[in-house]
Q: 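Sharing a structure here in structure tokens format.
Everything numeric in this text was worked out from a predicted model, so none of it was measured. Every chain is numbered from 1, with letters handed out A, B, ... down the list of sequences.
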Amino acid sequence: MPVPDTDRKRQRWLSVLARADAASFDERLPLERLPAEYVWLRQPESGLVMVCGRAGGTGSAFNLGEMSVTRCALRLTDGTVGMACLRGRDSLHAQRAALIDALMQQAGQDDSLEQAWTTWITPLEARQLQQRIARAAAAAKTRVEFFTVVRGEDAS
Amino acid sequence: MYVAVKGGEAAILASLEQVDAARRGDRALAAISVAQIREQMRLAVARVMAEGSLYDPDLAALAIKQAAGDLIEAIFLLRAYRTTLPRFGTCSALDTSDMLLQRRISATFKDIPGGQVLGSTYDYTQRLLDFTLLAEAAAVPALEAVAVEPEASPRVADFLAAEELLARESDDDGSPPPDLTREPLSFPASRAMRLQNLARGDEGFLLGLGYSTQRGYGNSHPFAGEIRHGWLSVEYLPEELGFAIDIGEIEITECELFNQFKGSATVPPQFTRGYGLAFGHAERKAMAMALVDRALQAEELGEPVAAPAQDIEFVLYHSDNVEASGFVQHLKLPHYVDFQSELELVRRLRREYQGRQECSGEPE
């Protein structure tokens, strides 16, 4: 099922929020601007999601093991509902992610999505990209070319 | 019949205090933190997550600390903890070709799209004790950044399977796989049930079984088609959204082994495959799992089932170290009444034996 364009944007910011670590929230985001008034639709709750692999990478699915996940949902005073569902057991992380999810949706409605993106998502995304590049770079340094040694009796 | 005992409460409480004291060791030294274990004993953390069947590096590190480094005890702690949490659902099946690779090698082809990457491996170390670590003076090199173009790294198995030189995996019929955390083992065990069992299985047990297949108990001639380790996003569809979202990354290791197969009446000669997948950086585990996965396909491939590693019931019933450890260690519990009845029986049999000896010893 194709994901509509607005959902695709939300999919992306939810992903960035899920991957963010506590330090990047604290250091990079103006958290004092998060709405103070909201009601919980679902208090942060920790649980499990089963992770599936596939036989041979492409075959039928099998259960590999579970991962810990925290989720929550809240409603701002104007009725916007924000949610979070992310790896780990950090309820503060889930709460902040859900608040920002709600703010982003609000911004989407009054045409200030770009500005909201710069405030809330870009700093987190930049840090995640940095980490990704660092990991890829570390691996790239160990890239290897193997050569097959020609044996004496094979050389003509 | 096991008859319970009671009493000993004070001694048991004192023993629990001893556990805490023994774990802490010399109080003149700083206590080790859970974060230090998570970051500096990552391979132990990986094993506890894989066999504890729960991806959570913080909790795995906590379990290792609490168990004073006894990894099987830590695995037990993690398994027990997971039973206290609700299951929200199941993620979309992982696509390991999307992995952000930290290591990737193939022993079957020198040149593979995306290249071979050694990453962090003990393979090329000399296994000499490093006394600079003892002096705590080892300098950790800062990794300098190099510019990299992200490159697609398709799985080696996929391009061999496309040529039918390697068996194709059967298509997913979309039905939910059996789940050993909810239903007991049953036979005949499907591949999905076997793979889940092996993924949770004890690394040492699988390593020994895998080794036995290489030494001739199960006739296996594997090649390491590909071993890859890296980071992979997990996608999950929350009930309140109409679309799947990325809920974070996990570290994972995959191993694909190719084995000789001479073909059958219906299948032309081609390589068959053994598959291993494990949480964290867990190469030995993934390789052992792949060896045993292939051995367990013997019957389906029309091979004789003669070796222990090919015996599905034997392998699956004995791979779980939490179950094995529980049953072995229950022998420590008081069996006073049990033993008394056995003792009584042996005494009676001895009296009968002595009676017969005396009878036959008498002159006729």
Q: Counting heavy-atom pairs closer than 4.5 Å to chain B, which one of A:Leu14, A:Leu86, A:Val51 comes out on top?
A: A:Val51

Q: Would you check, one step at a time, whether the test side chain to side chain donor-acceptor pair (under 3.5 Å) holds for B:His229 with B:Glu254?
A: CA-CA 6 Å; B:His229 155 240; B:Glu254 182 184 47; over 6 Å; no

Q: So B:Glu251 and B:Phe279, side chain to side chain contact (heavy atoms under 4.5 Å, CB included) or not? Walk me through it.
A: CA-CA 6 Å; B:Glu251 197 181 4; B:Phe279 286 146; over 6 Å; no

Q: Are more than 12 heavy atoms, taken from residues, nucleotides or ligands other than A:Gln115, located less than 6.0 Å from that residue's CD atom?
A: no

Q: How long is the gap from CG on B:Asp56 to CG on B:Leu78, to the nearest 0.5 Å?
A: 7.5 Å

Q: Can you confirm whether more than 12 heavy atoms, excluding those of B:Glu183, are under 6.0 Å from its CD atom?
A: yes

Q: Top residue by heavy-atom pair count (under 4.5 Å) with chain A, among B:Trp231, B:Tyr55, B:Phe88?
A: B:Phe88

Q: Give the member of B:Asp173, B:Leu241, B:Thr84 that has the highest number of heavy-atom pairs under 4.5 Å with chain A.
A: B:Leu241

Q: What donor-acceptor contacts under 3.5 angstrom involve side-chain atoms of residues 100-108 of chain B, with partners at least two apart or in another chain?
A:
{"residue": "B:Gln102", "atom": "NE2", "partner": "A:Arg135", "partner atom": "O", "Å": "3.4"}
{"residue": "B:Arg103", "atom": "NE", "partner": "B:Glu283", "partner atom": "OE1", "Å": "2.8"}
{"residue": "B:Arg103", "atom": "NE", "partner": "B:Glu283", "partner atom": "OE2", "Å": "3.3"}
{"residue": "B:Arg103", "atom": "NH1", "partner": "B:Leu118", "partner atom": "O", "Å": "2.7"}
{"residue": "B:Arg103", "atom": "NH2", "partner": "B:Asp123", "partner atom": "OD2", "Å": "3.1"}
{"residue": "B:Arg103", "atom": "NH2", "partner": "B:Glu283", "partner atom": "OE2", "Å": "3.0"}
{"residue": "B:Arg104", "atom": "NE", "partner": "B:Glu226", "partner atom": "OE2", "Å": "2.9"}
{"residue": "B:Arg104", "atom": "NH1", "partner": "B:Pro113", "partner atom": "O", "Å": "2.8"}
{"residue": "B:Arg104", "atom": "NH1", "partner": "B:Gly115", "partner atom": "O", "Å": "2.9"}
{"residue": "B:Arg104", "atom": "NH2", "partner": "B:Pro113", "partner atom": "O", "Å": "3.3"}
{"residue": "B:Arg104", "atom": "NH2", "partner": "B:Pro154", "partner atom": "O", "Å": "2.7"}
{"residue": "B:Ser106", "atom": "OG", "partner": "B:Thr108", "partner atom": "N", "Å": "3.1"}
{"residue": "B:Ser106", "atom": "OG", "partner": "B:Thr108", "partner atom": "OG1", "Å": "2.9"}
{"residue": "B:Ser106", "atom": "OG", "partner": "B:Phe109", "partner atom": "N", "Å": "3.3"}
{"residue": "B:Ser106", "atom": "OG", "partner": "B:Gly225", "partner atom": "O", "Å": "2.7"}

Q: Where do B:Leu277 and A:Gly53 come nearest, in terms of heavy atoms and distance?
A: CD2-CA, 3.9 Å

Q: So which atom in A:Ala102 and which in A:Leu74 form the shortest heavy-atom distance, rounded to 0.1 Å?
A: CB-CD1, 4.4 Å

Q: Below 4.5 Å, heavy-atom pairs only: which of A:Arg10, A:Arg54, A:Met83, A:Arg143 has the largest tally toward chain B?
A: A:Arg143

Q: If you count heavy-atom pairs under 4.5 Å with chain B, which of A:Arg42, A:Arg132, A:Met50 comes out on top?
A: A:Met50

Q: Fit a plane to each ring of A:Trp13 and A:Trp117, take the angle between them on a 0 to 90° scale, and name the class: parallel (under 30°), tilted (30 to 60°) or perpendicular (over 60°).
A: perpendicular

Q: Contact part of B:Ser233 toward chain A, heavy-atom cut-off under 4.5 Å: side chain, backbone, both or neither?
A: both

Q: For B:Asp293, is it the side chain, the backbone, both or neither that has a heavy atom under 4.5 Å from a heavy atom of chain A?
A: neither

Q: Shorter than 4.5 Å, heavy atoms on both sides: which option in A:Arg19, A:Arg12, A:Glu66, A:Glu145 has the most such pairs with chain B?
A: A:Glu66

Q: Atom OG1 of A:Thr80 and atom CG of A:Leu103: how far apart are they, to the nearest 0.5 Å?
A: 8.5 Å

Q: Do A:Leu76 and A:Gln106 pass the side chain to side chain contact (heavy atoms under 4.5 Å, CB included) test, and can you show the C-alpha distance, the side-chain angles, and the key distance before you say yes or no?
A: CA-CA 10 Å; A:Leu76 302 188; A:Gln106 274 183 339; 3.4 Å; yes

Q: I need the residue from B:Asp58, B:Thr121, B:Leu94 with the largest number of non-hydrogen atom pairs under 4.5 Å to chain A.
A: B:Leu94

Q: Answer with side chain, backbone, both or neither: which region of A:Glu45 has an atom nearer than 4.5 Å to a non-hydrogen atom of chain B?
A: both

Q: For B:Pro178, which atoms come within 4.5 Å of any heavy atom of chain A: side chain, backbone, both, or neither?
A: backbone

Q: For chain B, find which of A:Gly57, A:Gly59, A:Ser15 contributes the most heavy-atom pairs closer than 4.5 angstrom.
A: A:Gly57

Q: Of all of A:Ala18, A:Gly88, A:Cys85, which one pairs up most often with chain B through heavy atoms under 4.5 Å apart?
A: A:Cys85

Q: Go through B:Ile245, B:Leu180, B:Thr96, B:Ile252 and name the one with the most non-hydrogen pairs under 4.5 angstrom from chain A.
A: B:Ile245

Q: With a 4.5 angstrom heavy-atom cut-off, is it the side chain or the backbone of B:Leu166 that approaches chain A, or both, or neither?
A: neither

Q: Go through B:Met49, B:Glu169, B:Met193 and name the one with the most non-hydrogen pairs under 4.5 angstrom from chain A.
A: B:Glu169

Q: Taking side chain as everything from C-beta outward and backbone as N, CA, C, O, which of these in B:Pro238 sits under 4.5 Å from a heavy atom of chain A? Side chain, backbone, both or neither.
A: side chain

Q: Which bit of B:Asp95 comes within less than 4.5 Å of chain A, counting heavy atoms only: side chain, backbone, both or neither?
A: neither

Q: Looking just at side-chain N and O atoms, do B:Ser319 and B:Asn197 make a donor-acceptor pair shorter than 3.5 Å?
A: yes

Q: As an exercise: rank B:Arg191, B:Arg273, B:Glu256, B:Arg155 by heavy-atom pairs under 4.5 Å with chain A and give me the winner.
A: B:Arg155

Q: Please classify the contact between B:Ala157 and chain A as side chain, backbone, both or neither, with a heavy-atom cut-off of under 4.5 Å.
A: neither

